[in-house]
Asker: 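First the structure, which I've put down as structure tokens, then a few questions once you've had a look.
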Amino acid sequence: MAALPTARNLFRSLLRARGTAFQGDAAALLKARTEIRKHFDESAHLGGDDTRKKIEEGVEAESFIRLHVVQAQGNERGNFEMRVEPQHVEGEYEVPG
């Protein structure tokens with residue numbers, strides 16, 4: 001198993017992942033930052049194995065955001081468009097073609 005990041009590095013990774021996932025959506029960026037901060041503040045008193053578990057959960061959350069969250073935005077025709085990147089589909093789904 002790979003070494004776990006520090007809480008500070010995990011926090012930064014989560015902020016980067018949310019920045020990529022919600023690029024251009026100020027409301028979603030703020031809400032995600034608030035939610036990330038809330039989880040870190042709630043866990044600040046933990047130590048030992050509890051801290052390790054929370055960091056593992058955070059690593060999983062960062063990976064989920066980075067690999068699975070794609071934001072759709074409305075266009076001028078009233079449809080929604082998504083910017084799907086290769087990491088969103090690699091190895092998990094068959095792309096029709």
Asker: Check the surroundings of atom CG in Asp49: do more than 12 heavy atoms from other residues, nucleotides or ligands lie under 6.0 Å from it?
Answerer: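 For Asp49, atom CG is not crowded (no more than 12 foreign heavy atoms under 6.0 Å).
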
Asker: Between Ser13 and Asn9, is there a donor-acceptor pair closer than 3.5 Å when you use the side chain of the first and the backbone of the second?
Answerer: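 Judged by distance alone, yes, a pair lies under 3.5 Å.
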
Asker: Is there side-chain contact between Thr51 and Ser43, with heavy atoms separated by less than 4.5 Å?
Answerer: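 Counting from C-beta outward, Thr51 and Ser43 never come under 4.5 Å.
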
Asker: Stepwise, does the salt bridge (Lys or Arg N to Asp or Glu O under 4.0 Å) test hold for Glu57 with Lys53?
Answerer: CA-CA 6 Å; Glu57 289 173 10; Lys53 286 179 193 174; over 6 Å; no

Asker: What ring pair (Phe, Tyr, Trp, His ring centres under 6.0 Å) pairs are there with at least one residue in residues 24-66, not counting sequence neighbours?
Answerer: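 Listed once each, the pairs are Phe11-Phe40, Phe64-His68.
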
Asker: Between Thr34 and Arg37, does any side-chain donor sit less than 3.5 Å from a side-chain acceptor?
Answerer: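 No - no donor-acceptor pair under 3.5 Å links their side chains.
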
Asker: Take Arg66 and Thr20, measure what side-chain contact (heavy atoms from CB on, under 4.5 Å) needs, and give me the verdict at the end.
Answerer: CA-CA 8 Å; Arg66 189 171 33 83; Thr20 300; over 6 Å; no

Asker: Between Leu46 and Val59, is there shared hydrophobic-cluster membership here, with clusters defined by ILVMFWY side-chain heavy atoms closer than 4.5 Å?
Answerer: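 No; Val59 is not reachable from Leu46 via cluster members.
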
Asker: Could you measure the distance from the CD atom of Glu62 to the CD1 atom of Ile36? Nearest 0.5 Å is fine.
Answerer: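 Between Glu62 CD and Ile36 CD1, I get 9.5 Å after rounding to 0.5 Å.
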
Asker: How long is the span from the CG atom in Leu10 to the CG atom in Leu14, to the nearest 0.5 Å?
Answerer: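 Here the interatomic distance stands at 4.5 Å.
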
Asker: With rounding to the nearest 0.5 Å, note down the distance linking CG in Leu29 to CD in Gln71.
Answerer: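 Atom-to-atom, Leu29:CG and Gln71:CD are 8.0 Å apart.
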
Asker: side-chain contact (heavy atoms from CB on, under 4.5 Å) for Leu15 and Arg18? Distances and angles first, verdict last.
Answerer: CA-CA 5 Å; Leu15 291 181; Arg18 73 104 163 110; 3.9 Å; yes

Asker: Calculate, to the nearest 0.5 Å, the distance between atoms CD and CZ belonging to Glu56 and Arg52 respectively.
Answerer: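 Rounded to the nearest 0.5 Å, the CD-CZ separation comes to 5.0 Å.
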
Asker: Going by ring pair (Phe, Tyr, Trp, His ring centres under 6.0 Å), name the residues that satisfy it together with Phe22, two or more places apart in sequence or in a different chain.
Answerer: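 Partners of Phe22 under the ring pair (Phe, Tyr, Trp, His ring centres under 6.0 Å) test: none.
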
Asker: Take a 6.0 Å sphere around CD of Glu42 and say whether it holds more than 12 heavy atoms from other residues, nucleotides or ligands.
Answerer: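 Above 12, so yes.
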
Asker: For the residue pair Ala21 and Val69, what are the closest heavy atoms and their distance?
Answerer: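 Smallest heavy-atom distance, with atoms named: CB-CG1, 3.9 Å.
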
